[in-house]
Amino acid sequence: MEQGACIILTSVETEEIGLTLANNLVKAGLSACVQLSAPGKSVYKWQGKLQCESECYLNIKTTESASESVIVWLKKHHPYETPEILRLNAESSREYLEWMRATIS
């Protein structure tokens, strides 16, 4: 396993919004792949009130070197006022990492 991969996690209100973000991230060459999960529930406090909302979750696969650009892009294009943006460093197979590097501009 080799280092150099990142997974950036975020969530959005609908699958349609998630697909739009995913398509644009891949088209822009910022991510090699974005996986959208089935809708789930998020429980959190917002402005002092307990919330329970249906959300779609995105796993954005990118390289360490492109991860900051993905974060900047998400902050600009994400519809939430305070979006969840979590960056996780990951290890991957050499072949997958090479594919990601070739795919990301």
Sort out for me which residue in L88, L86, N59, I71 forms a side chain to side chain contact (heavy atoms under 4.5 Å, CB included) with I8.
I71

Measure across [X] and [Y] and return the closest heavy-atom pair with its distance rounded to 0.1 Å.
X	Y	result
C56	L36	SG-CD2, 3.9 Å
A66	I104	CB-CG2, 3.8 Å
S31	C33	OG-O, 2.8 Å
L9	I7	CD2-CG2, 3.7 Å
T103	A32	CG2-CA, 3.9 Å

Is the CD atom of Q51 crowded by more than 12 outside heavy atoms at less than 6.0 Å?
yes

Just wondering, are more than 12 heavy atoms of other shown residues or ligands nearer than 6.0 Å to CD in Q3?
no

Side-chain donor-acceptor contacts of residues 21-28 below 3.5 Å, not counting sequence neighbours, with atom names and distances?
residue: N23; atom: ND2; partner: L19; partner atom: O; Å: 3.1
residue: N24; atom: ND2; partner: T20; partner atom: O; Å: 3.1

Working to the nearest 0.5 Å, report the span between CE of M100 and OG of S65.
8.5 Å

Please report the interatomic distance OG(S69) to CG(L74), rounded to the nearest 0.5 Å.
11.0 Å

Residue set satisfying side chain to side chain contact (heavy atoms under 4.5 Å, CB included) with S92, at least two apart, ordered chain then number -> A5, Y96, L97

CA sep, side-chain torsions, deciding dist, call: W99, S93, side chain to side chain contact (heavy atoms under 4.5 Å, CB included)
CA-CA 10 Å; W99 171 75; S93 67; over 6 Å; no

For a quick check under 3.5 Å, do S67 and R87 share a side-chain donor-acceptor pair by atom type?
yes

Solution key, residues 75-85 side-chain donor-acceptor pairs under 3.5 Å, sequence neighbours excluded:
residue: H77; atom: ND1; partner: W73; partner atom: O; Å: 2.9
residue: H77; atom: ND1; partner: W73; partner atom: NE1; Å: 3.3
residue: H78; atom: ND1; partner: Y80; partner atom: N; Å: 3.1
residue: H78; atom: NE2; partner: T10; partner atom: OG1; Å: 3.1
residue: H78; atom: NE2; partner: S11; partner atom: O; Å: 2.9
residue: Y80; atom: OH; partner: E13; partner atom: N; Å: 2.8
residue: Y80; atom: OH; partner: E55; partner atom: OE2; Å: 2.8
residue: E84; atom: OE1; partner: S11; partner atom: OG; Å: 3.1

Members besides V43 in its Ile/Leu/Val/Met/Phe/Trp/Tyr cluster (side-chain heavy atoms under 4.5 Å):
L50

Pairs involving residues 16-64, ordered by first then second residue, that meet ring-ring contact (aromatic ring centres under 6.0 Å, His included) (sequence neighbours left out):
none

Tell me the ring-ring contact (aromatic ring centres under 6.0 Å, His included) pairs involving residues 16-41, sequence neighbours left out?
none

Within-4.5 Å side-chain heavy-atom neighbours: V34 and K61
no

Side-chain contact, heavy-atom cut-off 4.5 Å: T62 with L30?
no

